[in-house]
Amino acid sequence: MVKFTQPPRGTRDLVGEEADLFIDLVGKFSEIARLNDFKPIVTPTIEYFDLFAKKSGVEIVQSMYVFQDKAGRTIALRPEVTASVIRAYLRNLYKEPKPINLFYIAQCFRYDEPQRGRYREFWQLGLEIIGDESMAADINILHTASEYLTYIGVKHLVQVGNVAFYRSFMDSMGVSGDDQDLVLHYIDKGLLNNAEKLVFEKYGEEASKILRELYYVDIERLSEFINDYRNLLGDRCSKIAQEAEKTLSFTDALRSIGINVEYSPSLVRGLAYYTGLIYEVKAEGLDLSVGGGGRYDGLTEIYGGSFEYSTGIALGLDRIMIVLKEKGYVVKTPLRVIIIALGSSTEIYRAAINASRALHSSGIIASVLSEPRVSKALSYASRKGYLYAIIIGKKEIETQSVTIKDLTKGEQTSLHVSGLVKYFKDALSS
RNA sequence: GCCCGGGUAGCUUAGCCUGGGUAGAGCGCCGGGCUGUGGACCCGGAGGUCCCGGGUUCAAAUCCCGGCCCGGGCCCCA
């Protein structure tokens with residue numbers, strides 16, 4: 001039987017240090033995104049099921065939370081945010097000058113079997129750029145993501161792939177769209193043999209040989225490789241050569257700005273509507289990826305808009321938290337003081353509240369505890385980790401003073417109320 | 001969907017294999033020692049359908065069967 005105190009499977013409560021960490025990381029993401037001039041976007045947690053059914057692969061659709069609302073609409077909890085961003089763009093932002101840089105912080109839902117780093121409710125930190133064909137957009141995305149990860153102390157590696165290679169070659173070799181999806185699916189799973197076998201049986205030995213070579217080809221040799229198959233590729237040759245060039249200069253560019261990057265031919269992220277460059281972010285010390293994204297040019301068309309370029313990334317906040325927790329990351333806590341109102345007379349309480357307001361105006365965290373016994377109040381204060389306790393009781397009211405106790409040193413001083421803020425400003429700066 | 005491990009106080013858990021008396025402990029919480037001075041310490045207290053149901057037995061947290069729930073692995077993803 002489920003206890004009432006237990007949240008549904010695959011969801012969790014964040015309390016204490018975990019909640020602090022969560023809020024800290026969300027704040028820092030927003031900070032970095034804004035510094036890079038991304039604008040926030042907030043979209044609904046629920047969407048029409050069809051929005052996702054159109055874009056995402058079978059896997060995602062099957063793992064969605066779907067239900068009928070009271071009016072019989074088929075609604076889904078979002079499994080990801082990109083579809084919503086594109087929808088919102090088509091409705092509200094299409095007239096804006098391009099490119100449009102957007103960021104979001106959003107919880108998503110997938111009905112998977114929960115395990116380490118995989119929850120049914122999870123948080124994504126996302127960046128999207130709409131309306132920029134150039135590689136600069138992808139660099140901007142990854143640079144921003146990387147700047148964030150570095151800021152919070154997560155060492156990371158970016159793996160880069162490009163689905164356009166496989167698609168173009170397979171187009172040239174006459175591989176059907178469905179078979180292409182299957183091949184990419186196999187490659188994604190690391191089952192090159194299955195992919196080869198499929199291609200061999202249906203499209204011949206030559207085709208499977210090329211597929212294999214493509215899988216192992218070095219990025220530096222890619223252009224050369226494409227040149228070797230100039231005849232086969234025909235007029236696709238120039239397009240794919242361009243993609244190869246783009247991929248190479250993309251990785252070079254990332255490397256030149258100090259990002260750890262590697263080309264990974266087996267990276268295909270087969271499901272969604274990725275059209276070119278794709279990337280995945282691995283954090284040091286975690287098998288799971290902490291982020292992924294890529295180009296999805298033309299997704300706007302699928303939703304009935306005009307063609308637009310777009311690219312983006314989503315970082316998994318829950319997984320980033322795992323990395324940081326293992327590293328022993330601690331959120332810095334600012335100065336917190338507690339004001340002990342000794343007794344419950346209106347005068348004392350008023351003085352205590354006024355003191356807290358004065359401290360707040362200087363950015364100091366202060367709260368009032370009403371408690372007639374000093375020993376209890378101080379016990380609470382020290383166990384709660386306050387550095388200072390300010391005592392206000394009868395004596396203090398009579399003399400217009402406050403008693404400040406430094407809980408670390410055990411020292412205690414008394415001063416006039418007017419000197420309260422200055423005391424803590426001095427404490428802060430020393 | 002498949003595979004493994006679990007479910008005993010708010011939390012972490014001992015006990016289960018090898019059946020026996022009132023189910024223990026640590027942490028936390030509350031109170032007192034201490035009516036204007038904390039942490040530490042000492043004393044005391046509250047808090048349990050031992051996941052649920054059935055079976056075996058004089059007797060079940062413990063053994064058997066069924067179910068529910070949770071975590072982790074495969075796969076896939078963030």
Side-chain angles (χ1 to χ4, degrees), chain A residues 1-13 15-16 56-64 78-82 104-127 145 149 185-186 188-191 267-272 278-283 286-293 312-323 338 340-343 348 369 371-398 403-414:
Chain A
M1 212 217 284
V2 205
K3 292 181 181 176
F4 283 110
T5 52
Q6 188 178 314
R9 182 168 163 82
T11 69
R12 63 224 175 105
D13 300 314
V15 300
S56 321
V58 192
E59 301 247 7
I60 289 210
V61 169
Q62 279 175 349
S63 71
M64 270 199 278
R78 61 180 169 211
E80 52 110 16
V81 188
T82 299
Y104 59 82
I105 295 158
Q107 82 274 53
C108 300
F109 304 84
R110 288 184 202 170
Y111 196 87
D112 283 329
E113 288 313 303
Q115 52 189 268
R116 181 178 158 81
R118 187 171 69 188
Y119 305 98
R120 288 182 176 174
E121 180 185 30
F122 58 98
W123 288 80
Q124 289 199 334
L125 310 173
L127 302 165
L149 291 172
H185 179 66
Y186 284 140
D188 190 27
K189 280 167 132 184
L191 301 169
L267 181 67
V268 293
R269 301 174 66 77
L271 330 142
I278 47 173
Y279 19 86
E280 210 159 286
V281 185
K282 300 271 186 202
L286 191 72
D287 281 348
L288 305 157
S289 66
V290 294
I313 197 171
L315 298 174
L317 178 55
D318 308 80
R319 291 179 174 185
I320 290 171
M321 285 174 69
I322 291 176
V323 175
I338 187 165
I340 300 166
L342 269 189
I348 291 172
L369 175 74
E371 164 62 55
R373 288 161 298 181
V374 194
S375 60
K376 269 210 69 163
L378 287 177
S379 166
Y380 176 80
S382 53
R383 299 191 68 180
K384 279 281 192 179
Y386 290 95
L387 298 181
Y388 293 90
I390 297 166
I391 301 168
I392 298 178
K394 254 188 203 158
K395 287 182 198 168
E396 285 79 8
I397 296 293
E398 281 164 11
T403 300
I404 300 172
K405 176 142 193 172
D406 181 329
L407 292 169
T408 339
K409 294 180 186 160
E411 290 164 2
Q412 186 168 310
T413 53
S414 189

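So you know, we letter chains A, B, ... as the sequences are listed, proteins then strands, and number each from 1.
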Between B/G54 and B/A14, how far apart are the two C1' atoms, rounded to whole Å?
28 Å
Query raised in the report: Would one find a side-chain N or O of A/Q115 under 4.0 angstrom from OP1 or OP2 of B/G73?
Result: yes
At 4.0 Å (heavy atoms only), tell me whether A/L288 reaches a base, stays on the sugar-phosphate, or touches nothing. base
Notebook entry, point to check: Can a donor-acceptor pair under 3.5 Å be found between the side-chain atoms of A/R110 and the base atoms of B/A78?
Noted result: yes
A/D112 atom CG is separated from B/C77 atom P, nearest whole Å, by 10 Å
A/E371 and A/I340 have their tightest heavy-atom pair at O-CG2, 4.4 Å
Result for 5'-nearest mapping on RNA chain B, choosing between A/E113 and A/D318, is A/E113
Taking a pair to mean Watson-Crick or G-U wobble geometry with both distances below 3.5 Å, B/A9 pairs with none
Per-nucleotide protein contact along nucleotides 35-42 of chain B, 5' to 3', at a 4.0 Å heavy-atom cut-off (B base, S sugar-phosphate only, - neither), is -BBBB---
- [ ] Using a 4.0 Å heavy-atom cut-off across all strands, classify A/R116 as base, sugar-phosphate, or nothing.
- [x] sugar-phosphate
message: Categorize A/G10 for me: base, sugar-phosphate, or nothing, with a 4.0 angstrom heavy-atom threshold over every strand shown.
response: sugar-phosphate
Rounded to whole Å, CZ of A/F109 lies from P of B/A78 at a distance of 17 Å
Here the distance between atom P of B/C11 and atom CG of A/D13, to the nearest Å, is 12 Å
- prompt: Can you find a donor-acceptor pair, distance only, under 3.5 Å between A/R319 side chain and B/C77 base?
  reply: yes
Worksheet item: Please walk me through it: do A/Q412 and A/T403 pass side chain to side chain donor-acceptor pair (under 3.5 Å)?
Response: CA-CA 7 Å; A/Q412 186 168 310; A/T403 300; 5.1 Å; no
Discussion item. For A/Y111, does the six-membered ring have the charged nitrogen or CZ of A/R120 within the cation-pi criterion, i.e. under 6.0 angstrom from the centroid and within 45° of the normal?
Written reply: yes
